[in-house]
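Shown next, in structure tokens, is the structure this report addresses.
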Amino acid sequence: MPRAATTGFARQRGRWWSRLDRPAFVALLFGVAGVGYRLVLVLDTVPVSNSDEATFGLAALHIAQGREHPVFLYGQRYMGMLQSYLAAPLIAVTGPSWPVLRLPVLALYALFLWLIHRLTRRIGSPWFATAIVGLLALGSERVVRDQVTTVGGRPEVKVAVLVMLLIVVGLARGTVRRRRLAVGAFGLLAGVALWSDWLIVPYLAVAGLALIWALRRELLGWAGLLLLAGFAVGVGPMIWDNLVAPLGQDSLSVLRTISGETGPAPPWPQRLGGGLLEGVPLAAGLCPIDGCAGWQEWFGLLYPALLVVAAVLAVLGYRRAADRSDRVAPVVHLALLAGAALTLLAYVRSSLAAADPLGNARYLAVLQLSLPAVLWPLWVVAVAAWRGTVGAAGRLAGAVAAAALVALAATSLVVTVLFATSGAAPGRTEERQARELAAAVRTAGLREVYGEYWTCNRLIFNTAEAVVCGVLDGSLHPGQNRYPAYWWRLARAQRPGYVLAADGPADRRLRELLGGRADTALLAEVGGFRVYHPPEPLRPWR
């Protein structure tokens, strides 16, 4: 390489490194560790895959082949398909595989870390931003599952909200040159986020209020028109699909149906317990996937108090600020706190928090957005005590705050290490058995089989559609077939097989129908599943 070119490269590299102060450099190390940890898990298909994720993968395969261009998840008119579109180019090159399907979601996580670091530095402090990245680099199974599996919505909407809030900060401080285009981008991101996942609505609402505060009269002109135009483009696929949807199949009707309460509502103490004591610690990565021990529930009790204290601190900061440039930080703090409060309130109001807090804690994954605002009071008090700028009471409060931050980090680290070392082993075993089952079905020469919901689409994806599966329920009647084309192909099959969980309701029913021919029809038993090929077509629902 010529000396001039080498010198120029060194100069550019020096400028790049000079931009990284010590807090930013440490944050970079944390971020690389967090992404690297998740990359190892992704390459090993941990957490374990399932048929819901396989549906996104099959949609990505169909998009790559030009066969389909879905707006919503097959059989579900409210979950956007952005993750499938992101994975489609990779699957077009490599073919379907779980690591390839998950790589775009991992990239969204890396982008999320970078954006939350930038936002936290702007509304907090450099070392606090580093601490936030360090906490978010850790990850229990519950947290990692939301960050690397392709199950729709949450990874991309968190990125969208962070960019929207950074736009608000830039507009308020006058650092955005093309203000109108920035407002249009804000609207576009809001529309895409709404299409992707309705869980983000509380954060979109408070981010919109923050934008109105930052611009005020500007929104009455071209900026407002561009905001609406961007939002219309982003949410356009959802609007079009709802316009052509059959009666009762639009997004609002479907959401009302699935969120409708059946039976008596659980009492408030039970819902609060499931939402706060289980849901919040699980979403924060303080508990293993099978639930929280008593000593891990402390953060759920502390969380509402932190919301209130942080809101008071933000209001005081707003009143003391001299101009809009200084006030935007407390405004963004308030927006993040309000988003968390509304999300948590919506969760505990439903019966989900009480009925299955372990399975439904995923609905609180967006609370990660508010972590900088929620933990800011603890950081402020701890730093003030460390610097010795407060009295005896302040030093005591600072010690308690520092202990809470250390406990939060230590608990997250312990749970992360336990998951990475031993907690991931059952998932690896299950994933290996799923691949062995797919190989056994193909070796048996079966191309059309019936199975249960959590078997079918996963089997189809593992065989790259070489095997097609129709979903049955426990009584061997048609179940939730998300992609009707598979079911109709099974209907035309002359002699379909069956892949059923051994000794499950569907397996027992099939053996009952086959009678003495059951053992003859049994081709293989792999990983807790039985593969049957009856000598004549067997469709008991007809």
Atom [atom1] in [X], atom [atom2] in [Y]: separation rounded to 0.5 Å?
{"X": "Trp222", "Y": "Leu227", "atom1": "CH2", "atom2": "CG", "answer": "14.0 Å"}
{"X": "Ile63", "Y": "Met81", "atom1": "CD1", "atom2": "CE", "answer": "5.5 Å"}
{"X": "Cys287", "Y": "Leu358", "atom1": "SG", "atom2": "CG", "answer": "9.0 Å"}
{"X": "Tyr78", "Y": "Met238", "atom1": "OH", "atom2": "CE", "answer": "14.0 Å"}
{"X": "Leu211", "Y": "Ile167", "atom1": "CG", "atom2": "CD1", "answer": "8.5 Å"}
{"X": "Leu165", "Y": "Leu119", "atom1": "CG", "atom2": "CG", "answer": "6.0 Å"}

Surrounding CH2 of Trp268 (heavy atoms of other residues, nucleotides or ligands, distance under 6.0 Å), is the total greater than 12? yes
Counting neighbours of CH2 on Trp386 that are heavy atoms of other residues, nucleotides or ligands and sit closer than 6.0 Å, is the number greater than 12? no
Would you say [X]'s side chain and [Y]'s backbone share a donor-acceptor pair under 3.5 angstrom?
{"X": "Tyr318", "Y": "Asp326", "result": "no"}
{"X": "Asp44", "Y": "Val40", "result": "no"}
{"X": "Arg271", "Y": "Arg349", "result": "yes"}
{"X": "Arg395", "Y": "Gly388", "result": "no"}
{"X": "Arg179", "Y": "Val176", "result": "no"}
{"X": "Tyr85", "Y": "Pro70", "result": "yes"}
{"X": "Gln296", "Y": "Leu286", "result": "yes"}
{"X": "Thr130", "Y": "Val26", "result": "no"}
{"X": "Thr389", "Y": "Ala384", "result": "yes"}
{"X": "Gln76", "Y": "Leu73", "result": "no"}

For the student: nearest non-hydrogen atoms of [X] and [Y], plus distance:
{"X": "Phe56", "Y": "Thr150", "value": "CD1-O, 3.4 Å"}
{"X": "Pro266", "Y": "Ser351", "value": "CD-CB, 3.7 Å"}
{"X": "Ala354", "Y": "Gln270", "value": "CB-CG, 3.7 Å"}
{"X": "Leu204", "Y": "Ala193", "value": "CD2-CB, 4.0 Å"}
{"X": "Thr120", "Y": "Phe128", "value": "CG2-CD2, 3.5 Å"}
{"X": "Leu369", "Y": "Leu336", "value": "O-CD2, 3.6 Å"}

In plain terms, say whether [X] and [Y] are close enough for a salt bridge, that is, a side-chain N and a carboxylate O under 4.0 Å apart.
{"X": "Arg77", "Y": "Asp241", "answer": "yes"}
{"X": "Arg154", "Y": "Asp146", "answer": "yes"}
{"X": "Glu218", "Y": "Arg180", "answer": "no"}
{"X": "Asp21", "Y": "Arg121", "answer": "yes"}

Determine whether the side chains of [X] and [Y] contain a donor N or O and an acceptor N or O closer than 3.5 Å.
{"X": "Ser370", "Y": "Tyr203", "answer": "yes"}
{"X": "Arg482", "Y": "Tyr453", "answer": "yes"}
{"X": "Asp250", "Y": "Ser253", "answer": "yes"}

Would a 4.5 Å heavy-atom cut-off, applied to side chains only, mark [X] and [Y] as touching?
{"X": "Leu103", "Y": "Leu39", "answer": "yes"}
{"X": "Leu408", "Y": "Trp298", "answer": "yes"}
{"X": "Phe419", "Y": "Ile289", "answer": "no"}
{"X": "Trp454", "Y": "Asp52", "answer": "yes"}
{"X": "Val380", "Y": "Trp376", "answer": "yes"}
{"X": "Thr343", "Y": "Leu199", "answer": "no"}
{"X": "Val48", "Y": "Arg145", "answer": "yes"}
{"X": "Pro47", "Y": "Arg102", "answer": "yes"}

Worked verdict on Trp195 versus Phe72 for side-chain contact (heavy atoms from CB on, under 4.5 Å): CA-CA 9 Å; Trp195 164 48; Phe72 293 114; 3.8 Å; yes
For Arg173 and Arg122: C-alpha separation, side-chain torsions, deciding distance, then whether side-chain contact (heavy atoms from CB on, under 4.5 Å) applies. CA-CA 10 Å; Arg173 292 179 175 168; Arg122 282 160 173 73; 3.8 Å; yes
Starting from the C-alpha separation in whole Å, work towards a yes-or-no answer on side-chain contact (heavy atoms from CB on, under 4.5 Å) for Leu364 and Leu367. CA-CA 6 Å; Leu364 297 178; Leu367 293 182; 3.9 Å; yes
Given side-chain contact (heavy atoms from CB on, under 4.5 Å), test Val148 with Val46 step by step and report yes or no. CA-CA 9 Å; Val148 302; Val46 175; over 6 Å; no
Angle between ring planes, Phe299 versus Tyr303, binned at 30° and 60°: parallel, tilted or perpendicular? perpendicular
